[in-house]
Participant: 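So that we are looking at the same thing, I have put the structure below in structure tokens.
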Amino acid sequence: MPDLRELLSGQAPEVAPGLLGWRLSHTTSEGTVSVVLTEVEAYQGGDDPASHAFRGLTPRTRVMFGAAGHLYVYRSYGIHWCANVVTGEEGCASAVLLRAGRVVEGHDLAHHRRGERASERSWARGPGCLGQALGLSAAQDGADLLRGGSLVLTPGAAPAPELVDRGPRVGVSRAADVPWRFWVRDDPTVSSYRRSSRAAG
DNA sequence: AGATAGATGGAT
DNA sequence: TCCATCTATCTG
């Protein structure tokens, strides 16, 4: 059996595309929702001006500096909960933002959480939507994804390399052209690209 | 202490 | 293009 922790201990830009096709499941009293990842973005701590960890360790970014295989959850725009898989060695704030996925378990619950008006392909389309579909919040910050708890990350069938596209990250104003976003080509659950209005250039 | 920009998403 | 909603971080 492969050592997933070791697999995730590489740097985010290298680990990220390999997470496409992996499955993340969250079980609560309401039930279980699982998604298969279709879009991810790499953030490279100290060297990456777009990373929350660029300015060092703070209470918010503590989890990112920890061991690989844990979940870093943060509040976005005061509204959404977004989740990252922590990668890299301990002390290195490397992480992969989970931007989108396809719901493969718990359709009714995911639909309910996202609102009756949401279409199936939009249930986990975009990091805020993915967090909402899975029922994530601050309570999941720091959760170990490899210990068989209520949150579990499991390897899945990777898309063929020629079906993985890459490009600039969405919404970042600094390092706006670094191509560290990876997605499954032509997958309808992948979010649409929006460049930050503050991005240079 | 006050300002502000932000790894978004949905409506207009 | 605008706005909801909030907080980490920057500035003075």
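In the text below, chain A, chain B and the rest are named by the order of the sequence lines, each starting its count at 1.
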Participant: Hey, does the side-chain of A:Tyr74 have a donor or acceptor N/O within less than 3.5 Å of a partner on the base of B:dA7?
Facilitator: yes
Participant: Nearest to the side chain of A:Tyr72, heavy atoms from C-beta on, is which of B:dA7, B:dT8, B:dG9?
Facilitator: B:dA7
Participant: Should A:Glu120 and A:Arg102 be marked as a salt bridge (charged side-chain N to carboxylate O under 4.0 Å, His left out) after you check the CA-CA gap, both sets of side-chain angles, and the distance that decides it?
Facilitator: CA-CA 9 Å; A:Glu120 176 163 357; A:Arg102 175 185 301 280; over 6 Å; no
Participant: How far does CZ of A:Arg113 sit from CG of A:Leu134, to the nearest 0.5 angstrom?
Facilitator: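 CG of A:Leu134 is found 7.5 Å from CZ of A:Arg113.
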Participant: Taking the nucleotide of DNA chain B with the closest heavy atom to each, which residue, A:Ser122 or A:Arg174, is nearer the 5' end?
Facilitator: A:Arg174
Participant: Taking the six-membered ring for Trp, are A:Tyr43 and A:His52 closer than 6.0 Å centroid to centroid?
Facilitator: no
Participant: Does any part of the side chain of A:Leu71, heavy atoms only, come nearer than 4.5 Å to the side chain of A:Val86, both counted from C-beta?
Facilitator: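 Not in contact.
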Participant: For the side chain of A:Arg55, starting at C-beta, report the closest nucleotide among C:dC6, C:dC10, B:dA7.
Facilitator: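 For A:Arg55, the side-chain atoms sit closest to C:dC10.
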Participant: For C:dT5, what is the paired nucleotide under Watson-Crick or G-U wobble rules, both distances under 3.5 Å?
Facilitator: none
Participant: For the side chain of A:Arg75, starting at C-beta, report the closest nucleotide among B:dG10, C:dC6, B:dG6.
Facilitator: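 Between B:dG10, C:dC6, B:dG6, the one nearest the side chain of A:Arg75 would be C:dC6.
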Participant: Send over the distance from A:Glu41 CD to B:dT8 C1', rounded to a whole Å.
Facilitator: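 Taking atom C1' of B:dT8 as the reference, CD of A:Glu41 is at 12 Å.
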Participant: Check whether any side-chain N or O of A:Ser173 sits under 4.0 Å from OP1 or OP2 of B:dA5, and answer yes or no.
Facilitator: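 No.
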Participant: With a 4.0 Å cutoff (strictly under), does any side-chain N or O of A:Arg125 reach OP1 or OP2 of B:dG9?
Facilitator: no
Participant: So, do A:Trp180 and A:Asp48 sit near enough that their side-chain heavy atoms are less than 4.5 Å apart?
Facilitator: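 In short, these two side chains touch, coming nearer than 4.5 Å.
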Participant: Starting at atom CZ of A:Arg62, determine the distance to atom P of C:dA8, rounded to an integer number of angstrom.
Facilitator: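 In whole Å, C:dA8 P and A:Arg62 CZ are 14 Å from each other.
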Participant: Map A:Arg117 and A:Arg60 onto DNA chain B by nearest heavy atom, then report which one ends up closer to the 5' terminus.
Facilitator: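 Per heavy-atom nearest nucleotide, the more 5' residue is A:Arg60.
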Participant: To the nearest Å, how far apart are A:His52 NE2 and C:dT9 P?
Facilitator: 9 Å
Participant: With a 4.0 Å cutoff (strictly under), does any side-chain N or O of A:Arg169 reach OP1 or OP2 of B:dA7?
Facilitator: no
Participant: Starting from P on B:dG10, measure out to CD on A:Gln132 and report it in whole angstrom.
Facilitator: 8 Å
Participant: Using a heavy-atom cut-off of 4.0 Å across all strands, would you classify A:Thr58 as base, sugar-phosphate, or nothing?
Facilitator: sugar-phosphate
Participant: Base, sugar-phosphate, or nothing: which does A:Ser196 touch, judged by heavy atoms less than 4.0 Å apart?
Facilitator: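 Nothing, no heavy atom under 4.0 Å.
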Participant: What is the distance, to the nearest angstrom, from the CH2 atom on A:Trp123 to the C1' atom on B:dG10?
Facilitator: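 Spelled out: CH2 on A:Trp123 to C1' on B:dG10 is 18 Å.
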Participant: Quote, to the nearest angstrom, the P distance that separates C:dT5 from B:dG2.
Facilitator: 23 Å
Participant: Using centres under 5.5 Å plus planes under 30 degrees as the test, is A:Tyr43 stacked with B:dA7?
Facilitator: yes
Participant: What integer distance in Å separates A:Arg198:CZ from B:dT8:P?
Facilitator: 13 Å
Participant: In whole angstroms, how far is the P atom of B:dT8 from the CG atom of A:Asn84?
Facilitator: 11 Å
Participant: Think A:His80 has a side-chain N or O under 4.0 angstrom from the OP1 or OP2 of B:dG9?
Facilitator: no
Participant: Looking at CZ of A:Phe65 and CD of A:Glu89, how far apart are the two atoms once the value is rounded to the nearest 0.5 Å?
Facilitator: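 That separation rounds to 14.5 Å.
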Participant: Pairing check on B:dA7: which nucleotide meets the Watson-Crick or G-U wobble criteria with it, both distances under 3.5 Å?
Facilitator: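 Partner of B:dA7: none found under 3.5 Å.
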Participant: Got a donor-acceptor pair under 3.5 Å from the side chain of A:Arg194 to the base of B:dG10?
Facilitator: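 Per atom types, the contact qualifies.
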Participant: What is the distance, rounded to the nearest whole Å, between atom CD of A:Glu39 and atom C1' of B:dG9?
Facilitator: 14 Å
